[in-house]
Amino acid sequence: MKIVATRFAPSPTGPLHIGGVRTALFNWLYSKNKGGKFYLRIEDTDKERSKEEFKNQIINSLKWIGIDYDESEYIQSNKINDHINVANELLKKGLAYKCYCSSDEIEEQKKRAKQKKIPYIYNRKWREKSEIDAPKEIDPVIRFKSKVEGKSILKDLVQGNIEIENNTIEDFVILRADGSPTYNLSASVDDHLMGMTHIIRGDDHKINTFKQIQIYEAMNWKIPYFAHIPLIHSIDGKKLSKRDNATTLDDYSKIGIIPNALRNYLLRLGWSYKDKEIFDLDESIKYFNLEGIGKSPSKLDVNRIYSMNEHYIKNIDENELFIFFKKYCETFKEKLPDIAQKKIKNSLHFLKNKAKTLEDIYQNSKFLVIDKVQIEEKDKNLLDETAFKIIKLFSDDISKLSDFTRETLEPIIENLIKNNNTNFKGVGQPLRICLTGSKFGPGIYDILCSLGKEEVSKRLSQIR
RNA sequence: GGUCCCUUCGUCUAUCGGUUAGGACACAUGGUUUUCAUCCAUGAAAGAGGGGUUCGAUUCCCCUAGGGACCGCCA
């Protein structure tokens with residue numbers, strides 16, 4: 001039994017979006033599950049639109065979410081000669097032919113088909129025609145001789161058997177007039193050369209698969225297994241496109257989504273394993289299979305990405321979380337000074353409890369590192385004379401404290417409540433406002449202990 | 001227009017002929033709490049419609065409707 005080999009084959013003509021990442025993830029997980037290989041192939045044969053920056057973005061996205069690939073990226077344009085050779089071989093075998101139709105002629109036929117509302121399909125005009133009749137001024141394209149009779153069945157691992165009449169597949173171009181190979185040729189040749197056993201890709205490739213299988217058959221190559229996964233739709237029910245907003249990984253990392261969470265979300269979008277929702281990396285690999293992939297397209301739900309993120313923020317190891325946070329700040333906010341890092345790291349255990357994203361942690365941590373407390377205008381009137389009195393008393397009380405912990409602070413606050421005939425809010429709220437500038441924030445003991453005695457005294461003394 | 005695919009709560013999904021159709025997110029209500037959250041409990045919420053097959057259909061088949069993909073000398 002041959003070792004399982006899968007690949008992800010994006011074209012670097014735009015930023016990789018979340019649907020592509022899911023395809024990559026499924027391929028990667030499948031090969032990991034089977035102990036196989038996973039490759040990245042950059043399909044950069046569209047010279048006009050392929051950009052180095054997109055290639056880098058693709059590679060970085062995969063890296064960010066934790067998908068690694070065997071060997072180095074396979075650059076399709078480096079293999080063009082192999083593709084051309086196959087085209088020539090097909091030509092020699094009589095399984096492909098030169099077509100001398102001008103683009104104008106083809107366009108004309110398409111237009112006419114549209115007017116008559118009949119499906120356009122190339123009329124195979126040059127399939128049997130002699131080249132002696134060829135117009136000199138036209139560089140021919142090479143077309144593949146598709147089957148014209150009978151039916152083909154694709155045994156799809158996700159969709160089941162798909163049957164199609166062969167005459168609906170036209171004699172597709174495999175070599176352009178300029179001699180360059182087209183997608184269906186290049187992809188088939190590369191997949192064969194790279195030894196792919198399983199091709200897991202979006203639903204939108206289904207018709208291509210019928211073409212590619214014919215190339216395999218013509219060349220007498222072993223046909224890989226195919227699995228066409230349903231597409232991800234945006235909330236309006238359409239296929240995600242590169243032109244949609246907020247669908248690249250960068251967009252999610254920018255708002256403070258962590259890779260583990262997005263990976264888990266993407267895994268469960270269109271795939272399931274019983275009722276299980278949370279899959280750590282090892283579990284993803286252990287349980288992933290093709291049987292769990294659903295047949296219907298699924299909609300992207302940002303809400304769920306947030307809640308998944310919240311779950312991961314609250315549950316992953318704090319050191320790991322801090323590494324994500326640090327990286328996040330460096331990339332999207334500011335490089336944190338060591339002292340700020342230390343303070344935040346020590347406070348992560350309570351900061352994370354109010355956070356859905358790394359951005360939230362960043363916002364929540366601000367009170368720790370500011371020089372001077374700015375009290376929000378709307379909260380100023382909450383500080384009345386009683387409040388100032390209590391703050392003064394509190395300051396006096398803690399000045400005698402050698403040990404500044406929850407245990408030593410609790411009796412102080414309880415006494416204040418009792419002696420001033422108030423409740424916890426009467427003490428906690430003014431303290432919180434004076435120390436953080438807002439009436440919202442972490443628990444009062446978390447604030448006090450994370451700031452420390454000196455900083456608390458300093459901030460309280462600066463009031464008024 | 002042609003070909004192909006899909007259809008269970010708002011969303012992601014479980015169910016592989018017999019279930020009070022389950023879970024998760026979101027939502028609502030209540031509780032805990034020290035503000036905001038968290039957390040806990042409870043609730044509302046689904047088989048597109050119509051025919052078959054069957055003792056029995058969400059599940060199998062057909063039709064209709066709706067949605068989607070593809071129909072490039074792009075990938």
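Here is the naming used below: chain letters follow the sequence lines, and residue numbers restart at 1 for every chain.
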Residue matched to B/U19 through Watson-Crick or wobble contacts both under 3.5 angstrom: none
Separation of the C1' atoms in B/A75 and B/A69, to the nearest angstrom: 15 Å
P gap between B/A48 and B/U32, integer Å: 42 Å
Which residue is it: A/Phe288, A/Trp271, A/Tyr265? I am looking for the one with a ring-ring contact (aromatic ring centres under 6.0 Å, His included) to A/Phe279. A/Trp271
Qualifying residues under side-chain hydrogen bond (donor to acceptor under 3.5 Å, both in side chains), relative to A/Asp46, sequence neighbours excluded: A/Arg49
Under a 4.0 Å heavy-atom cut-off, which of residues 148-164 of chain A touch RNA chain B? A/Gln159, A/Ile162, A/Glu163, A/Ile164
Side-chain donor-acceptor distances from residues 290-297 of chain A under 3.5 Å, at least two apart:
none

Provide the distance between the two C1' atoms, one in B/C70 and one in B/C60, to the nearest whole Å. 29 Å
Could you pull out all residues at least two apart from A/Arg176 that satisfy side-chain hydrogen bond (donor to acceptor under 3.5 Å, both in side chains)? A/Ser180
What interatomic distance, in whole Å, is found between C1' of B/A14 and the corresponding atom of B/G68? 24 Å
Could you list where the contact with chain A starts and ends along RNA chain B, reading 5' to 3', using a 4.0 Å heavy-atom cut-off? B/G1 to B/A75
What side-chain donor-acceptor pairs closer than 3.5 Å can you find for residues 431-451 of chain A, not counting sequence neighbours?
unit_1: A/Arg432; atom_1: NE; unit_2: A/Pro442; atom_2: O; d: 3.3
unit_1: A/Arg432; atom_1: NH2; unit_2: A/Pro442; atom_2: O; d: 3.1
unit_1: A/Thr436; atom_1: OG1; unit_2: A/Arg432; atom_2: O; d: 2.8
unit_1: A/Thr436; atom_1: OG1; unit_2: A/Ser438; atom_2: N; d: 3.2
unit_1: A/Thr436; atom_1: OG1; unit_2: A/Ser438; atom_2: O; d: 3.1
unit_1: A/Ser438; atom_1: OG; unit_2: A/Phe440; atom_2: N; d: 3.0
unit_1: A/Ser438; atom_1: OG; unit_2: A/Phe440; atom_2: O; d: 3.3
unit_1: A/Ser450; atom_1: OG; unit_2: A/Asp446; atom_2: O; d: 2.7
unit_1: A/Ser450; atom_1: OG; unit_2: A/Ile447; atom_2: O; d: 3.1

Could I get the full list of side-chain contact (heavy atoms from CB on, under 4.5 Å) partners for A/Ala9, not counting sequence neighbours? A/Arg7, A/Arg41, A/Glu43
Quantified in whole Å, what is the P atom distance between nucleotide B/U64 and nucleotide B/G18? 29 Å
Sequence neighbours excluded, the answer for salt bridge (charged side-chain N to carboxylate O under 4.0 Å, His left out) partners of A/Lys286 is none
Please check: side-chain N/O of A/Glu170 versus main-chain N/O of A/Tyr122, any donor-acceptor pairing under 3.5 Å? yes
B/A57 and B/A65: how far apart are their P atoms, nearest whole angstrom? 25 Å
For RNA chain B, determine which residues of residues 140-147 of chain A have any heavy atom closer than 4.0 angstrom to one of its atoms, and list them numerically. A/Val141
Do the side chain of A/Asn85 and the main chain of A/Asn81 share a donor and acceptor less than 3.5 angstrom apart? yes
With sequence neighbours left out, write down each residue that passes side-chain hydrogen bond (donor to acceptor under 3.5 Å, both in side chains) with A/His233, or none if nothing qualifies. none
For B/A75, what is the paired nucleotide under Watson-Crick or G-U wobble rules, both distances under 3.5 Å? none
Which part of the nucleic acid does A/Thr45 contact within heavy-atom distance under 4.0 Å: base, sugar-phosphate only, or nothing? sugar-phosphate
B/G22 to B/G43 separation - P atoms, rounded to the nearest Å: 12 Å
Given the P atoms of B/G10 and B/A46, what is the spacing between them in whole Å? 7 Å
Hunt down the Watson-Crick or G-U wobble partner of B/A28, both distances under 3.5 Å, from any strand shown, or write none. B/U42
For A/Leu401, all residues meeting side-chain contact (heavy atoms from CB on, under 4.5 Å), sequence neighbours excluded: A/Ile398, A/Phe404, A/Thr408, A/Leu409, A/Ile412
Does anything in residues 150-179 of chain A form a ring pair (Phe, Tyr, Trp, His ring centres under 6.0 Å)? List the pairs, not counting sequence neighbours. A/Phe144-A/Phe172
